[in-house]
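Written below as structure tokens is the structure these notes are about.
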Protein chains: 2
Amino acid sequence: MPLATIEHMSRPPAARDAVLDAFEQILVHDGERAATLDATARAAGVSKGGLLYHFASKDALIDGLIGRLDALVEHDVHAIETAPEGPIAYFVRSSVAMAHPLDRAVVATARLAQGGSAAAARAIRSARERWFEAIGRHVADPTVALAITLIGDGLYYDSALHGDDDELGVDAPRANEMDALVALLERLATAPPPTTPR
Amino acid sequence: MPLATIEHMSRPPAARDAVLDAFEQILVHDGERAATLDATARAAGVSKGGLLYHFASKDALIDGLIGRLDALVEHDVHAIETAPEGPIAYFVRSSVAMAHPLDRAVVATARLAQGGSAAAARAIRSARERWFEAIGRHVADPTVALAITLIGDGLYYDSALHGDDDELGVDAPRANEMDALVALLERLATAPPPTTPR
DNA sequence: GATACTATACCGGCTGGACGGTACAGTAAT
DNA sequence: ATTACTGTACCGTCCAGCCGGTATAGTATC
């Protein structure tokens, strides 16, 4: 929400973003079961009534998170196209960096999808498609694009498995492994597909 | 449980496997939230008391599923080593075939892990490690082994996103895409790592 | 410029239902 | 007689959603 539109309002809705942040945080850190309305309100420093003022139901809260994800994905797809280090390096590395808002939103939404939210599952699939298309625009061989997208999926999947434990990313790929992986994929992308039989 | 040990018992425990099947099915198809003891018992055609006769608590039920997963993974690792079509083709293809018991167990356990079960998360990580080691035994370049394992993870991740909707694997890789992917990875595995700078 | 009213942004207690788990009496196969 | 259940009733807890209330800021009227 742009600042200019706030001026005429009585009070800026400080709670809305705080609630969304807290919801995301609990989903990523403690799993879907822990992300109750009470816990979310408490973590956001807001009363339960206050939360429900902004999000009339849990579904509305989920929709709010999905909206945030959609916006971040849209921004990310643009970032892929214009990244100075190239689209592949940007995409693969950003799939493992849990510090960025996008990754938190993806993992949080994936948790909801696993928990049974059809809307969350749809949002994740939509994001995946947009990434695949963006990669496809920069990689000639569609098989290589598929491989890169799947590796991104795999990195997210792994990230999601480390949220519960105390240590984050305990067996996540190390920096030099990631360097080698990026190098491998970029070699694949630039090299023309070899003489394919059939 | 081997058949030989059943003989001396009054009645073979028919419900035990039915309960585990139903639990798996609900986890895969409807998500973790839906996999309650009541729903599991109902789907298994067993009374709630009957379920609790075999699994004294929900944790015990989860442990039962993890035990089944561990056994299937052990069998699968052996299958990777001895697959006639080669380890890579077997591994990649088996990661997407939702019909096999292993895949159902993996997705079901992953759902539990996402929901917050530390034991389930541990089981999934353990399975991942064993696959990575098995692939590493057949692929010289560790980066290629990592890439293959991550693609396997990505395929599971995608499978897990299609359980909620009516149509299974609606945008899962098609057969010819999988053929091309397998061919790409086998090319990578056999080709020696090119002159790496540094 | 004081009063009356409205809209926005919250608080916190309550309720009804679902869920995990317990208890236990009975039944049927072996 | 032991094993493998069925069926029902019940308890404590947790949670989503609801509702009545409060505080504050803007607006309209006179």
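Bear in mind the structure is a predicted one, so any value in this text is a computation, not a measurement. Per chain, numbering begins at 1; letters A, B, ... match sequence-line order.
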Ion pair check, A/R68 and A/D21, cut-off under 4.0 Å
yes

With a 4.5 Å cut-off on side-chain heavy atoms, are A/H75 and A/L72 touching?
no

Between CG of B/L51 and P of D/dC5 the distance, given in whole Å, is 11 Å

So do A/Y90 and A/D76 actually touch side chain to side chain, heavy atoms under 4.5 Å?
yes

Measure up the A/Y157 and B/Y157 rings against each other and bin them: parallel (under 30°), tilted (30 to 60°), perpendicular (over 60°).
perpendicular

Whole angstroms only, please: what is the CG-C1' distance between B/D17 and D/dC5?
15 Å

Assign each of A/R33 and A/Y53 the nucleotide of DNA chain C bearing its closest heavy atom; nearer the 5' end lies the nucleotide of A/Y53

To the nearest Å, give me how far apart CD1 (B/I26) and P (C/dC19) are.
11 Å

Does A/E74, at its CD atom, have more than 12 non-hydrogen atoms belonging to other residues, nucleotides or ligands within less than 6.0 Å?
no

From D/dT3, C/dG12, C/dT8, nucleotide with atom closest to A/S47 side chain:
C/dG12

Does A/L102 share a hydrophobic cluster with A/L65, counting links as ILVMFWY side-chain heavy atoms below 4.5 Å and allowing steps through other members?
no

In this structure, how many angstroms lie between the C1' atom of D/dT6 and the CZ atom of B/R42, rounded?
16 Å

Pull out every protein N or O sitting under 3.5 Å from an N or O of nucleotides 21-24 of chain C, one pair per line with the distance.
from	atom 1	to	atom 2	distance (Å)
C/dG21	OP2	B/K58	N	2.6
C/dG21	N7	B/K48	NZ	2.9
C/dG21	O6	B/K48	NZ	3.1

Between CZ of A/F55 and C1' of D/dC18 the distance, given in whole Å, is 18 Å

So does A/H54 get a side-chain nitrogen or oxygen closer than 4.0 Å to the phosphate oxygens (OP1/OP2) of C/dA9?
no

Which nucleotide sits closest to the side chain of B/T36: D/dA16, C/dC10, C/dG20?
C/dG20

